[in-house]
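To start, the structure under review is shown below, and the notes come after it.
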Amino acid sequence: MLDWFIGALCSLIVAGAAYKKRSLSGSGFAAAFVVGTLLYATGSLAWFGTLLVFFITSTLLSKWKHRQKAAVEANYAKTGRRDAGQVIANGGLGVIMCLGHVFWPHPLWWAGFIGVMATVNADTWATEIGGLSRSQPRSIVSGRRVPAGTSGGVTRLGLAASAAGGLLIGASGWALSGGSLLPEAAAASVPGGEGAAALGILLLLGGLGGLLGSLADSWLGAVLQVMYRCPVCGRELEKSRHCDAAAVRTRGLAFMNNDTVNMLSSLLGGAVSAALYALLVG
Ligand SMILES: [Zn+2]
């Protein structure tokens with residue numbers, strides 16, 4: 001009962017601050033409060049803290065050099081203010097992993113959680129830092145140069161940022177678990193469960209899960225994500241409304257919006273990390 005109270009209080013403070021700083025919309029605030037409370041109460045400080053590392057670093061990064069990025073962002077669905085859809089796309093799968101672990105305890109849930117959070121963190125870092133790259137992005141599909149801000153466009157800086165974002169999640173998971181592989185005391189009985197070996201495994205899980213997850217995000221964004229054209233100004237868009245008019249779908253699957261792409265790619269990142277864990281630890 002106390003865990004629910006502490007979780008709710010901490011989530012209220014963090015989500016409330018983000019709402020006040022206009023990083024979350026009203027619905028985003030409500031969703032973040034629920035996600036945070038659930039992770040703390042049903043998981044532990046390690047699960048909650050890992051989410052917090054993603055949430056705080058990505059919020060700060062999106063505020064950073066905001067003006068340079070605003071021009072590119074204006075045509076796309078993502079804005080500085082996250083709504084409930086974005087919060088659930090980023091944190092919902094993590095909550096499912098945590099709840100899975102409550103009902104059927106197994107280390108693979110934690111490994112999958114690290115991969116999921118690594119992917120959403122890698123993705124945000126790639127967008128926010130890679131967006132400042134001075135070299136023109138290349139399409140992940142064709143390898144050709146594409147305009148900055150195009151879905152599926154990758155730069156070397158963006159890829160490095162994405163790997164770094166994933167590695168930070170692995171390192172955070174390790175530090176928040178008291179320097180071990182798992183948040184539970186059971187870590188001691190697992191091969192490589194403690195110390196440097198544990199850090200190495202978690203860095204690999206976070207780095208590789210995050211990088212592959214965010215590459216999947218770029219690929220899905222370029223190939224399957226729905227795109228629209230505004231009938232008034234003629235711009236290509238990720239959102240279905242522009243210039244006060246309904247935009248026309250030009251490509252992609254109707255249900256495959258940015259949130260769906262995020263969710264699917266983090267599922268893949270989670271699967272990569274879980275498979276790595278099974279391979280390395282058993
Ligand atoms: Zn328009």
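Predicted model only: the values in this text are computed from it and were never measured. Just so you know, ligand 1 is whichever comes first in the structure, and atom 1 is the first atom listed for that ligand.
Nearest heavy atom pair, residue Tyr277 against residue Ala111, reads CB-CB, 3.5 Å.
The side-chain contact (heavy atoms from CB on, under 4.5 Å) search around Cys10 returns Ile6, Phe48, not counting sequence neighbours. Not counting sequence neighbours, Phe33 has no partner by the ring pair (Phe, Tyr, Trp, His ring centres under 6.0 Å) test.
Listed by first and then second residue, the side-chain hydrogen bond (donor to acceptor under 3.5 Å, both in side chains) pairs involving residues 156-180 are Ser162-Ser214 (not counting sequence neighbours).
For the side chain to side chain contact (heavy atoms under 4.5 Å, CB included) test with Phe54, the passing option among Thr59, Asn90, Asp123, Val116 is Asn90; the others fail.
Counting only protein N, O or S atoms closer than 2.8 Å to the Zn ion (ligand 1) gives 4.
Using the six-membered ring where Trp is involved, Trp110 and Trp47 have ring planes that are perpendicular, over 60° apart on the 30 and 60° scheme.
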